[in-house]
Amino acid sequence: MTPAEAHQKPVEYSTREQRSWYMYDFANSAFASTVLTLFLGPYLTSLANAAADPTGRVDVFGVRMDARAYWGYLVSLAVFLQVLVLPLIGAVADLSPRKKQLLGLCAYTGAVATMAMFFLSGRMFLLGGLLFLIANLAFGASIVVYNSFLPEIAAPEDRDRVSSRGWGIGYLGGGILLALNLVLFSRAKSFGLTEGMAVRISLASAGVWWALFSVVSLAGLRNRQPLVRAGAGESIVSKGFGQLMATLREVRNYPETLKFLIAFLLYNDAIQAVIALSAQFGSVELKIPMGSLTMAILMVQFVAFVGAMLFQYLAAAIGAKRSVILSLLIWSGVIVAIYVSVRGVQGFFIMAFVVGLVLGGSQALSRSLFSLMIPKGREGEYFS
C-alpha cells in the first residue's frame with residue numbers, strides 16, 4: 001500500500017441521502033400504480049371506443065385500428081421512444097455536474113403531463129395518448145437518472161438492501177395513493193361525481209403526488225463532480241452522444257455486463273408488459289368490474305412492499321443472482337397459469353397476490369446486481 005493509499009479517506013455514505021433517494025421511488029410510483037397499471041389503459045380505451053366508427057375502429061393519424069388495441073399499440077410506441085431517448089439521457093447524466101437538477105427536470109415534466117390528463121374527456125383519445133407518451137418518457141428518463149445515484153449513495157455490499165428498501169417504499173407510496181383513489185372511485189356518486197370524473201381526478205392526483213414528494217427527494221440528494229466532463233465549447237448533449245457511441249463500442253469488453261443486459265431485456269420486457277396490460281386484460285378480457293380490479297392492484301402494491309423486504313433477506317442468504325432466478329421461475333409459472341386457468345375475479349386475485357410477492361424483489365435485486373457490473377462513471381449510460 002502506497003502512502004497516498006494509506007491516507008486516503010474511505011468513502012462515507014449518508015443514511016440521510018439514502019432516505020431521500022427512497023422518497024423518489026415513493027413519489028414516482030404513483031404514476032406506475034394509478035396511471036400506468038390501473039386507470040389510464042381502460043380509460044383511454046373507453047375514449048377510443050367513443051370515437052370509433054360502427055366497425056369499432058379508430059383513425060390514428062391515417063392508421064386505422066381496433067379501438068381496443070389502441071392502448072397496446074401506444075405502450076409499444078412508448079417503449080420504442082424510450083429505447084431511442086433514454087441512452088442519451090443516461091450519458092448526459094454521467095457528464096452533468098447537476099444530475100439532481102436533471103432528475104428534477106424529468107420528474108416535473110412527467111408530473112405536469114400527468115396532471116394535464118385531468119382534461120381528457122369525450123373522444124380525446126389522441127391527446128390522451130400524447131400526454132401518456134410525454135409522461136412515460138419523462139418517467140423512464142427520471143428512473144435512469146435516479147438509478148444512477150445508487151452506486152454513489154451505497155457501498156457494493158449494501159446495495160441489495162438499499163435497492164430493495166427503495167423499491168419497497170415505492171410500492172408503499174403507490175399503494176397509499178391508489179387506496180385514496182379507490183375510495184374516490186368507489187364512492188364517486190356520493191361525492192357527486194361521475195365515474196369518468198373520478199378517473200380524471202385520480203390520474204391528475206398521481207401527477208400532484210409525483211411533484212410534491214419529488215421535492216422531498218431532491219432536497220436531500222446532492223450533486224457530485226462527474227469523472228468525465230465536456231470540453232471547452234462542447235455541449236453536454238453532444239459530448240454525451242459521443243460518449244454513448246463509445247460505450248456501445250466498448251460494451252463487448254464487459255461480457256458479463258452484456259449478458260445481463262440481454263437477459264434483462266428479455267425478462268423485464270415481460271414484467272413491464274404485465275404491469276402495463278394487466279388492468280386492460282382484467283377489464284376487457286375477464287370483464288372484472290373496475291372496483292374489484294382496483295382492489296386487486298391495490299393489494300399488489302402492499303404485497304410487493306412485503307415481497308421486496310423479504311427478497312432483501314433472501315439475497316443476503318443465497319445471493320442476489322439466485323434470488324432473481326428464483327423470482328423469474330415464479331414469474332414464468334404465473335404467466336402460464338394466467339393463460340391456462342384464470343377466467344374470473346378469484347383467479348385474478350390469486351395470481352395478483354403471487355405477482356406481488358416477486359414483483360418488487362425481481363426488479364430491486366436486478367438493479368443492485370447490475371450496479372456491481374457497471375464501469376465507474378458510466379452509471380447513467382448503463383442503467384439506461
Transitive ILVMFWY side-chain link Phe80 to Leu74, under 4.5 Å
yes
For the residue pair Ala67 and Ala52, what are the closest heavy atoms and their distance?
CB-CB, 4.2 Å
Taking transitive links into account, so neighbours of neighbours count too, which hydrophobic residues share a cluster with Phe191 at under 4.5 Å side-chain distance?
Phe118, Phe119, Leu184, Leu193, Met197, Ile201
Where is the tightest heavy-atom contact between Leu261 and Phe370, given as atom of each residue plus distance?
CD2-CZ, 3.6 Å
Distance, nearest 0.5 Å, that separates CG of Leu293 from CZ of Phe281:
10.5 Å
Exceeds 12 heavy-atom contacts within 6.0 angstrom, atom CZ of Arg322
no
Please report the closest heavy-atom contact between Gln18 and Asp158, naming both atoms and the distance.
NE2-OD2, 4.1 Å
Taking only residues two or more places apart in sequence, or in another chain, which ones meet Ser366 in a side chain to side chain contact (heavy atoms under 4.5 Å, CB included)?
Phe260, Phe264, Tyr267, Val324
Nearest 0.5 Å please: distance from the CG atom of Leu47 over to the CH2 atom of Trp71.
11.5 Å
Sorted by first residue and then second, give each salt bridge (charged side-chain N to carboxylate O under 4.0 Å, His left out) pair with at least one member in residues 65-76; sequence neighbours left out.
Asp66-Arg68
Report the distance from atom CH2 of Trp209 to atom OG of Ser214, rounding to the nearest 0.5 Å.
12.0 Å
Sorted by first residue and then second, give each side chain to side chain donor-acceptor pair (under 3.5 Å) pair with at least one member in residues 176-205; sequence neighbours left out.
Thr34-Asn181, Asn181-Ser202, Asn181-Ser205
Run Tyr108 and Trp210 through ring-ring contact (aromatic ring centres under 6.0 Å, His included) and show every step you take.
CA-CA 8 Å; Tyr108 284 101; Trp210 189 356; 8.6 Å; no
In residues 339-352, what donor-acceptor pairs under 3.5 Å come from side-chain atoms, sequence neighbours left out?
from: Ser341; atom 1: OG; to: Ala337; atom 2: O; distance (Å): 2.8
from: Arg343; atom 1: NH2; to: Val340; atom 2: O; distance (Å): 3.2

If every non-hydrogen atom of Gly90 is compared with every non-hydrogen atom of Val144, which pair is closest and at what distance?
CA-CG1, 3.8 Å
Evaluate the criterion side-chain hydrogen bond (donor to acceptor under 3.5 Å, both in side chains) for residue pair Gln363 and Tyr171; output intermediate values, then yes/no.
CA-CA 12 Å; Gln363 294 181 309; Tyr171 279 114; 3.0 Å; yes
May I ask you to test the Gln101-Asn223 pair for a side-chain heavy-atom distance under 4.5 Å?
yes
Sequence neighbours excluded, which residues qualify as salt bridge (charged side-chain N to carboxylate O under 4.0 Å, His left out) partners of Asp53?
Arg64
Can you check whether Val216 reaches Phe26 side chain to side chain, under 4.5 Å on heavy atoms?
no
Assess the residue pair Glu17 and Arg224 against the criterion (salt bridge (Lys or Arg N to Asp or Glu O under 4.0 Å)); give the C-alpha distance rounded to whole Å, side-chain angles, the decisive distance to 0.1 Å, and a yes or no.
CA-CA 13 Å; Glu17 190 172 20; Arg224 293 164 174 81; 2.7 Å; yes
Rounded distance (nearest 0.5 Å) linking atom CG of Leu365 with atom CD1 of Ile325:
11.5 Å
Would you call Ser362 and Ile271 a side-chain contact if the rule is heavy atoms closer than 4.5 Å?
yes
Contact list for residues 257-266, test salt bridge (charged side-chain N to carboxylate O under 4.0 Å, His left out), sequence neighbours left out
Glu256-Lys259
Are the side chains of Val162 and Arg159 in contact, using a 4.5 Å heavy-atom criterion?
no
Looking at residues at least two apart in the chain, or sitting in another chain, which of them share a side chain to side chain contact (heavy atoms under 4.5 Å, CB included) with Ala141?
Leu86, Ile89, Cys106
Other residues, nucleotides, ligands: >12 heavy atoms within 6.0 Å of Arg161 CZ:
yes
Taking a hydrophobic cluster as the set of Ile, Leu, Val, Met, Phe, Trp and Tyr residues connected by side-chain heavy atoms closer than 4.5 Å, whether directly or through intermediates, do Leu359 and Leu266 fall within one such cluster?
no
Sequence neighbours excluded, every pair satisfying side chain to side chain donor-acceptor pair (under 3.5 Å) that has a member inside residues 139-148:
Tyr24-Ser142, Asp25-Tyr146, Lys99-Ser148, Asn147-Arg367
With rounding to the nearest 0.5 Å, note down the distance linking CG in Leu127 to OG in Ser121.
9.5 Å
Ignoring hydrogens and angles, write down the donor-acceptor pairs under 3.5 Å from the side chains of residues 300-315, residues two or more places apart or on other chains.
none

For the residue pair Ala188 and Ala198, what are the closest heavy atoms and their distance?
CB-CB, 4.0 Å
Main-chain N/O of Ala364 paired with Ser163 side-chain donor or acceptor, under 3.5 Å
yes
Report the residues that fulfil side chain to side chain contact (heavy atoms under 4.5 Å, CB included) with Ile134, sequence neighbours left out, ordered by chain and then residue number.
Thr109, Ala113, Leu130
Following the transitive rule for hydrophobic clusters with a side-chain heavy-atom cut-off under 4.5 Å over Ile, Leu, Val, Met, Phe, Trp and Tyr, establish whether Ile262 and Leu372 coincide in one cluster.
no
Quick check: is Leu77 connected to Tyr70 through a chain of hydrophobic side chains (ILVMFWY, heavy atoms under 4.5 Å apart)?
yes
Heavy-atom pair of closest approach, residues Asn136 and Ala78
ND2-CB, 3.5 Å
Phe213-Leu105 co-clustered via ILVMFWY side chain contacts under 4.5 Å:
no
With Asp59, which residues qualify under salt bridge (charged side-chain N to carboxylate O under 4.0 Å, His left out), at least two apart?
none
